[in-house]
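In listed order, ligands and their atoms are each counted from 1. All figures in this text were calculated on a predicted structure; none of them were measured in a lab.
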Amino acid sequence: MSTAERRGLLIILSSPSGAGKSTLAKRLMAWDETLTFSVSATTRRPRAGETDGKDYFFVTEEAFRKSVADGEMLEHAHVFGNFYGSPKPPVETAINAGRDVLFDIDWQGAQQIRNSALGPYTLSIFILPPSIPELHRRLVSRGQDDAETIAKRMQKSWDEISHWDGYDYVLINDDLDTTEAKLKTIIAAERLKFAQQPRLSDHVRSLQTEFEELP
Ligand code: ADP
Ligand code: 5GP
């Protein structure tokens with residue numbers, strides 16, 4: 001049982017590749033140091049500049065399959081020919097301590113978490129690009145994938161976008177600062193929801209006692 005003031009939220013960001021969710025996730029992490037980023041495990045190779053244990057846990061397919069079989073993944077999916085999954089223990093530790101966890105995962109992972117026992121504690125946000133040519137421009141400007149990989153990601157983008165309406169919030173990431181501000185507003189409001197504040201009942205009970213003691 002948690003002793004925290006409130007239970008942490010599972011905040012899920014999804015989008016087609018290149019729409020900007022990693023950039024936005026980094027900005028949110030810089031904004032609120034109490035947020036915990038869920039570092040996924042993946043069988044894909046590291047990109048230039050990515051650090052093992054920080055961006056991803058880069059694992060072999062054998063190790064990945066064993067983690068899934070041992071029930072250590074909160075969710076997992078096959079994306080662009082590689083396996084990705086969210087390790088369960090760090091998420092449970094964080095939310096039981098009242099810390100929110102940020103996920104950068106695809107629609108399959110979002111759906112699995114929503115349908116799990118943690119579903120009621122989930123806040124899911126889908127990020128749309130302003131246009132398809134702009135999505136392509138961003139994938140190219142990121143400069144981290146070769147032409148073949150970019151073509152594969154573009155082909156798959158509709159698959160991801162087609163799940164947009166299963167999310168709690170949907171934002172068009174046109175101007176980065178504006179989208180960041182909207183995300184912060186959403187998170188701040190979700191944290192104030194009644195269900196997120198179990199101690200409110202105690203407060204109302206003490207108000208009732210004070211009320212009954214009125215002369
Ligand atoms: P994703 O994580 O969704 O695959 P990234 O966060 O890596 O996408 O963003 C892809 C590229 O687009 C990066 O080069 C990033 O700097 C850029 N980008 C992200 N959001 C915007 C935006 N609103 N306007 C212009 N460029 C953006
Ligand atoms: P990338 O290879 O660009 O880092 O990620 C490719 C896609 O996999 C992105 O849509 C990203 O959100 C998704 N992804 C990353 N980690 C996970 C994870 O743990 N689970 C799921 N389901 N998707 C993930």
In terms of residue, atom name and distance, what is the protein heavy atom nearest to [atom]?
| atom | result |
| --- | --- |
| atom 8 (O) of ligand 1 | Gly20 N, 3.2 Å |
| atom 7 (C) of ligand 2 | Val79 CG1, 3.8 Å |
| atom 19 (O) of ligand 2 | Ser40 OG, 2.7 Å |
| atom 2 (O) of ligand 1 | Ser22 OG, 2.5 Å |
| atom 20 (N) of ligand 2 | Glu75 OE2, 2.8 Å |
| atom 12 (O) of ligand 2 | Asp104 OD1, 2.8 Å |
| atom 23 (N) of ligand 2 | Asp106 N, 3.2 Å |
| atom 5 (P) of ligand 1 | Thr23 OG1, 3.5 Å |
| atom 20 (N) of ligand 1 | Asn173 ND2, 3.1 Å |

Could [X] and [Y] be called an ion pair, given the rule that one side-chain N must be under 4.0 Å from one carboxylate O?
| X | Y | result |
| --- | --- | --- |
| Glu134 | Arg138 | yes |
| Lys156 | Glu160 | no |
| Lys66 | Glu62 | no |
| Glu50 | Arg44 | yes |
| Lys152 | Asp145 | no |
| Asp32 | Lys184 | no |

Practice task
Please work out which of the three classes, parallel, tilted or perpendicular, describes the rings of His163 and Trp107, given edges at 30° and 60°.
Solution key: parallel
Check each of [options] against [atom] and report the one with the nearest heavy atom.
| atom | options | result |
| --- | --- | --- |
| atom 4 (O) of ligand 2 | Phe80, Tyr84, Tyr56 | Tyr56 |
| atom 25 (C) of ligand 1 | Arg138, Lys26, Arg27 | Arg138 |
| atom 14 (O) of ligand 1 | Arg142, Arg153, Glu160, Arg47 | Arg142 |
| atom 4 (O) of ligand 1 | Gly18, Ser15, Ser14, Ala19 | Gly18 |

Do [X] and [Y] share a hydrophobic cluster, counting only Ile, Leu, Val, Met, Phe, Trp and Tyr and linking them when any side-chain heavy atoms are less than 4.5 Å apart?
| X | Y | result |
| --- | --- | --- |
| Val170 | Ile105 | no |
| Leu9 | Leu13 | yes |
| Val101 | Met29 | no |
| Ile132 | Ile127 | no |

Practice task
Please confirm whether Lys21 comes within less than 3.5 Å of ligand 1 when only nitrogen or oxygen atoms on both sides are compared.
Solution key: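 So ligand 1 has an N or O lying under 3.5 Å from an N or O of Lys21.
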Problem - N or O pair under 3.5 Å between Leu24 and ligand 1 - result: no
Handout entry: Heavy-atom gap Gln112 to ligand 2 smaller than 4.0 Å
Key = no
Problem - contact_flag Glu160 ligand 2 heavy-atom lt 4.0 Å - result: no
Atoms of ligand 2 close to [X] [distance to a heavy atom under 4.0 angstrom, numbered from 1]:
| X | value |
| --- | --- |
| Gly109 | 22 (N) |
| Arg44 | 1 (P), 2 (O), 4 (O) |
| Ala77 | 22 (N) |
| Ser86 | 19 (O) |

Exercise for the section: Would you check whether Arg153 has a nitrogen or oxygen atom less than 3.5 angstrom from a nitrogen or oxygen atom of ligand 2? Expected result: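 Checking ligand 2 against Arg153, an N or O pair does fall under 3.5 Å apart.
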Exercise for the section: Find all atoms of ligand 1 within a distance of less than 4.0 Å from any non-hydrogen atom belonging to Ser141, and give their numbers and elements. Expected result: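 It comes down to these atoms of ligand 1: 14 (O).
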Handout entry: Close-contact set for ligand 1 against Ser17 heavy atoms, below 4.0 Å
Key = 4 (O)
Completion exercise
Quick look: Glu50 vs ligand 2, heavy-atom contacts under 4.0 Å, and the answer is neither
Problem - Criterion salt bridge (charged side-chain N to carboxylate O under 4.0 Å, His left out) on Lys88 and Glu92, from CA distance to verdict - result: CA-CA 6 Å; Lys88 201 188 284 182; Glu92 288 177 340; 5.1 Å; no
Problem - Pi-cation contact, Phe80 with Arg153 (under 6.0 Å, within 45°) - result: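 Yes, Arg153 lies over the aromatic ring of Phe80.
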Practice task
Using non-hydrogen atoms of the residue, decide whether Asp174 is closer than 4.0 angstrom to ligand 1.
Solution key: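 Per 4.0 Å heavy-atom rule, Asp174 contacts ligand 1.
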Problem - Flag for Ser14-Tyr167: side-chain donor and acceptor within less than 3.5 Å - result: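 Tyr167 vs Ser14: donor-acceptor pair found between side chains.
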Handout entry: Thr149 side chain to Asp146 side chain, donor-acceptor N/O pair below 3.5 angstrom
Key =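 Yes - a donor-acceptor pair under 3.5 Å links their side chains.
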